[in-house]
Amino acid sequence: MVFSVYNTMTRRVEPFEPIAKDFVRMYCCGPTVYNFAHIGNLRTYVFEDVLRRTLEFAGYRVRHVMNVTDVGHLTDDGDDGEDKMLKSSKETGRDVYEIARLYTEAFFADTDALHILRPETACRATEHIGDMIALIKRLEEGGHTYQAGGNVYFSIDTFPQYGELARLNLDELRSGARIDVDVNKRNPKDFTLWFTNSKFENQAMLWDSPWGRGYPGWHIECSAMSMKYLGETFDIHCGGIDHIPVHHTNEIAQSEAATGKPWVRYWIHGEFLLSDKGKMSKSKGEFLTLHVLVKKGYDPMDYRYFCLGGHYRSQLQFSWQSMDSARNARRNLFDRVVELKQKAKPAAVLSVEAQRYLDLFTEHLGADLNAPRGLADMWNLLKDPTVVDGEKLACLYQMDRILGFNLEDIPSEIKEEPSAPEEIQLLLEERLKAKREKNYTRADELRAIVEGAGYQLKDTPNGTTVTKSCNQNQG
RNA sequence: GGUGCCGUACCCAAGUGGUAAGGGACAGGUCUGCAAAACCUCUAUGCACCGGUUCGAAUCCGGUCGGCACCUCCA
């Protein structure tokens, strides 16, 4: 399978070639665990999951590393603003470590529900402070740092390629009216590697360092941990597009300044999910979580389907109408799969026709992860009368290795409906009697009563079933 | 103010020079006492608008209008 992908560094779709044959080292920027992940965050993890699954489908072994940012970070990049962990701690009255643990668990519960494969290594920032200090020391030895006002800063003027990823024009940025520039900085774009003398009361997360007791800047963890687990040069680094101008730009500077080597070969960024009020953001307060979606009656797979319906490099507009659309599509898909399972076993070998669909599918996913196109290929397969059921099933299972709906796990038997209350059962019996007597007026009256009580009736050859109308989970 | 992206049917959304994927919704049909489910069929001579290049443009170029993102913590 051919795989090519858009590299933010070159702004082009490039053929993918890992450093080692058949082995891919991939680092994904993980969650900050001071709050729940919102569905916009989760869109990025779905995209990264599709990326990983596509690489694995293509035959690569993928070493997937992700950080968990449990160190408090400031609400801006200077030495002011508010520590978000601390803020959350204050608001909830919990210990900062407890906050981190709580939201880390919540994060993985969400990603599990979305069938996002867990990274091989999920590393906590707080457990790698020593690695960060070592990296800062290395930068210090190389003359890339300076101390001022108690903090250690990275000097971007010691790294000529600074801003290459984001194509920053430093002259223009410098002349731009930036408010509240940290007076300690020699260059406004310099960033902090290590903070000391925290100005925050009750600062709970502090570590000793050669520069004093304090805590790391918010970019250093990704450099330190990615290099620890993946080496000083690795294949893929991904995250949301918002990371391009600051976070990833600074990570490159400190990593490459420290090692003198190219750090990452492919930068892959996912676009934002937008709500009708613009992008979703943790710090703006209100945001939608997966939990809210589930409470409203959506299956997590509905959201996964929704995400797959748009290309990862395009902004995707969230709306309830779109969610309903995705839910219906996903249910239709699952229903078809159940039907196929009841009729056939997956074929051991694919026919030429079935293989053609799989080839198209992998071609489309291989071309910069065109998941919407892959979904279309899947539907075309399902609708093709020339492909027999067993082959459809086998082909679907192959596609599902990337799509991640876990189609093989869908129960092929019709679920036992929870029985309705006794008074409803009595009404149903009465209706059945009316039907037998061909008193359809009475039967329809009874249908109306039962439906009015919140139940949906379905007459099947095997009898009448009732389902609670508001229970819309699992089609 | 600077930078970049986008505008495709009722909705979502692929397609980036060769004659408009897919899903949802709607409608019609088969089936059914009715309803549901299922299956089938149908929905853009046209891709914001105007002009240009080309044998050929949704795709390239110029302009106009509209929407969005980033430049500040954010996936």
Side-chain angles (χ1 to χ4, degrees), chain A residues 11 13 28-32 34-35 37-48 69 73-78 81-84 87 166-169 172-173 175-180 218 238-247 269-274 278-284 287 305-306 308-333 335-336 339 360 364 367 370-383 385 434-435 438-441 443-444 447-448 451 456-461 464-465 467 475:
Chain A
R11 308 281 152 112
V13 175
C28 299
C29 274
T32 44
Y34 62 89
N35 204 336
H38 60 65
I39 58 174
N41 300 126
L42 293 171
R43 182 193 180 194
T44 298
Y45 299 107
V46 170
F47 131 67
E48 289 164 353
T69 301
H73 284 311
L74 305 176
T75 48
D76 71 33
D77 194 34
E82 223 173 344
D83 182 311
K84 287 184 279 195
K87 184 164 176 260
R167 312 240 157 134
L168 298 179
N169 183 328
E172 274 179 24
L173 284 172
S175 60
R178 283 169 60 92
I179 336 151
D180 292 343
W218 77 283
C238 37
I241 40 134
D242 54 310
H243 279 152
I244 297 169
V246 180
H247 187 50
H269 293 96
E271 252 291 357
F272 274 127
L273 177 76
L274 304 177
K279 74 170 182 182
M280 291 190 192
S281 162
K282 279 193 183 180
S283 46
K284 272 185 192 163
F287 54 82
Y305 190 100
F306 170 75
L308 263 32
H311 191 266
Y312 79 95
R313 277 199 292 123
S314 299
Q315 292 176 345
L316 185 58
Q317 184 73 49
F318 179 85
S319 71
W320 294 110
Q321 192 184 4
S322 295
M323 271 309 293
D324 287 345
S325 173
R327 173 166 64 193
N328 288 338
R330 191 229 98 221
R331 281 182 180 167
N332 288 156
L333 167 65
D335 285 349
R336 293 243 198 177
E339 199 185 331
L360 275 172
H364 290 138
N370 195 334
R373 205 54 204 261
L375 241 27
D377 295 327
M378 183 196 69
W379 282 106
N380 287 333
L381 165 78
L382 277 168
K383 290 187 302 185
K435 276 178 69 175
K438 301 218 185 288
N439 183 356
Y440 296 121
T441 320
D444 288 351
R447 165 188 283 281
E451 287 182 344
Q456 199 176 24
L457 291 189
K458 286 181 189 176
D459 291 338
T460 72
T464 304
T465 65
T467 46

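Just so we're on the same page: letters track the sequence lines, and every chain starts at 1. Just so we're clear, the structure is a prediction, and the values are computed from it rather than from any experiment.
Comparing B:A9 with B:G15, their P atoms sit 16 Å apart, to the nearest whole Å. For the P atoms, the distance from B:C49 to B:U8 is 10 Å, rounded to whole Å. Taking atom P on both nucleotides, B:C6 is separated from B:U19 by 22 Å, rounded to a whole Å. Nucleotides B:A36 and B:A21 place their C1' atoms 31 Å apart, quoted to the nearest Å. Look at the C1' atom in both B:U16 and B:A38: the space between them is 39 Å, to the nearest Å. Taking the P atom of each, B:G23 and B:C61 are spaced 32 Å apart, rounded to whole Å.
A distance-only check finds no donor-acceptor pair linking the side chain of A:R313 to the backbone of A:H269 [under 3.5 Å]. With hydrogens and angles ignored, the 3.5 Å screen pairs no side-chain donor or acceptor of A:H243 with any backbone N or O of A:G239.
The side chain to side chain contact (heavy atoms under 4.5 Å, CB included) test with A:E271 singles out one residue from A:T44, A:I241, A:D242, A:L316, and that residue is A:I241.
Counting to the nearest Å, the P atom of B:C5 and the CG atom of A:D242 are 18 Å from each other. Separating the NE2 atom of A:H247 from the C1' atom of B:U72 is a distance of 15 Å, rounded to the nearest angstrom. The nearest whole Å value for the distance from the CG atom in A:D335 to the P atom in B:A37 is 10 Å.
The heavy-atom pair separating A:R43 from A:Y312 by the smallest distance is NH2-CA, 3.7 Å. Of all the heavy atoms in A:E48 and A:C28, the pair that sits closest is OE1-CB, 3.6 Å.
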#### Entry: Per-nucleotide protein contact string for nucleotides 8-21 of chain B (B base, S sugar-phosphate only, - none; heavy atom under 4.0 Å)
---SSSSS-----B

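In this model, the phosphate group of B:G23 is not approached by any side-chain N or O of A:N332 to a distance below 4.0 Å at OP1 or OP2. Contact annotation: A:K383 side-chain N/O to B:A38 OP1/OP2 distance is not under 4.0 Å. Here A:N41 reaches the OP1 or OP2 of B:A75: one of its side-chain N or O atoms lies under 4.0 Å away.
When distances are taken from the side chain of A:Y45 to each of B:G33, B:G22, B:A75, the shortest belongs to B:A75.
Counting distance only, with no hydrogens placed and no angle test, the side-chain atoms of A:R447 and the base atoms of B:A35 include a donor-acceptor pair under 3.5 Å.
With the nearest nucleotide of RNA chain B identified for both A:D444 and A:R336, A:D444 has the one nearer the 5' end. Residue order along RNA chain B, read from the 5' end via each residue's closest nucleotide, puts A:Y305 first among A:Y305 and A:C29.
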### Message
For RNA chain B, please output the secondary structure as dot-bracket, reading 5' to 3'. Pairs are Watson-Crick or G-U wobble, both atom distances under 3.5 Å; mark crossing pairs with [ ], other-strand partners with |, unpaired with a dot.
### Response
((((((((.[[[..)..(...]]]..((((.......))))......[[[[[..)....]]]]])))))))....

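Both thresholds, 5.5 Å between centres and 30° between ring planes, are met by A:Y440 relative to the base of B:G33, so the two rings are stacked.
Heavy atoms of A:H243 sit under 4.0 angstrom from primed sugar atoms or phosphate atoms, though from no base atom.
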